[in-house]
Amino acid sequence: MGWEEAACTARRLPCAWFISVLIVFFVGDVETPPIGSGDVLLICSGSGKSQMLISHAKKAAENGAKVVLISCSRSTPLGELADWQVILSALQKDVEGEQREQKSILPMGSQFELASALFFENLVLEMMQEKHETNETMFRRHANLE
């Protein structure tokens, strides 16, 4: 999982995926193993330009992992490194000196974060259907020490 403002939104995803039978780790957590062949690095970045995430993507690719980018920007440095891209229809936060025809009343990257949250929730629903999971079967794997 990538970082940036969208990290709070993306942070919910590993929990939902774990409960739905996938093994998921978050970059930077102590228990995260080395990335390698057969792994997927999912990066969530509105701008697609974060130097830290570019570094993560390069390292993942060097170690044989696939890189998936969730973004609202096309033709970005991260997009060039990604094996797959999902482009969400959302405005990224304003960049100083850049003029945009479209404006949002939402602050900074909120529109992208909300679009990401909806995308991730839909992805979990799709995976539940594919794996024949229900809320009940997932709840059996849910933490009971909260």
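Numbering starts at 1 and runs along the sequence shown.
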Exercise. Short question: side chain of Thr32, backbone of Phe26 - any donor-acceptor pair under 3.5 Å?
Worked result: yes
Exercise. Just wondering, do Val68 and Leu41 contact through their side chains at under 4.5 Å, heavy atoms?
Worked result: no
Seminar exercise, completed: For Leu81, the side-chain contact (heavy atoms from CB on, under 4.5 Å) test, sequence neighbours excluded, returns Ile54, Ala57, Lys58
Exercise. Taking atom CD of Glu133 and atom CZ of Arg140, what is their separation to the nearest 0.5 Å?
Worked result: 9.0 Å
For this session: Evaluate the criterion side-chain contact (heavy atoms from CB on, under 4.5 Å) for residue pair Phe112 and Ser47; output intermediate values, then yes/no.
Result: CA-CA 10 Å; Phe112 174 66; Ser47 71; over 6 Å; no
Exercise. Under the side-chain contact (heavy atoms from CB on, under 4.5 Å) test, which residues partner Ala82, sequence neighbours left out?
Worked result: Val67, Leu69, Gln85
For this session: Return yes if some donor-acceptor pair links the side-chain N/O of Ser73 with the main-chain N/O of Gly46 below 3.5 Å, else return no.
Result: yes
Exercise. Residues two or more places apart in sequence or in another chain: which of them pass side-chain contact (heavy atoms from CB on, under 4.5 Å) with Thr134?
Worked result: Glu136, Thr137
Problem set entry | Point-to-point distance, once rounded to the nearest 0.5 Å, from CZ of Phe25 to CG of Asp39 | 9.0 Å
Problem set entry | For Lys66, side-chain contact (heavy atoms from CB on, under 4.5 Å) partners two or more places apart | Val40, Asp83, Trp84
Exercise. Judged by atom type as modelled, is there a donor-acceptor pair below 3.5 Å linking the side chain of Ser45 to the main-chain atoms of Ser71?
Worked result: no
For this session: Give, for atom CG of Leu42 and atom SG of Cys44, the distance between the pair rounded to the nearest 0.5 Å.
Result: 7.0 Å
Exercise. Do any N or O atoms from the side chain of Asn122 and from the backbone of Phe119 form a donor-acceptor pair under 3.5 angstrom?
Worked result: no
For this session: Would you check, one step at a time, whether the test side-chain contact (heavy atoms from CB on, under 4.5 Å) holds for Leu125 with Phe120?
Result: CA-CA 9 Å; Leu125 290 172; Phe120 291 146; over 6 Å; no
For this session: For Asn63 and Lys59, indicate whether the former's side chain and the latter's backbone hold a donor-acceptor pair under 3.5 Å.
Result: yes
Seminar exercise, completed: When rounded to the nearest 0.5 Å, the distance separating CD of Glu80 from OG of Ser75 is 7.5 Å
Exercise. Do Val27 and Ile43 come within less than 4.5 Å of each other through their side chains, counting heavy atoms only?
Worked result: no
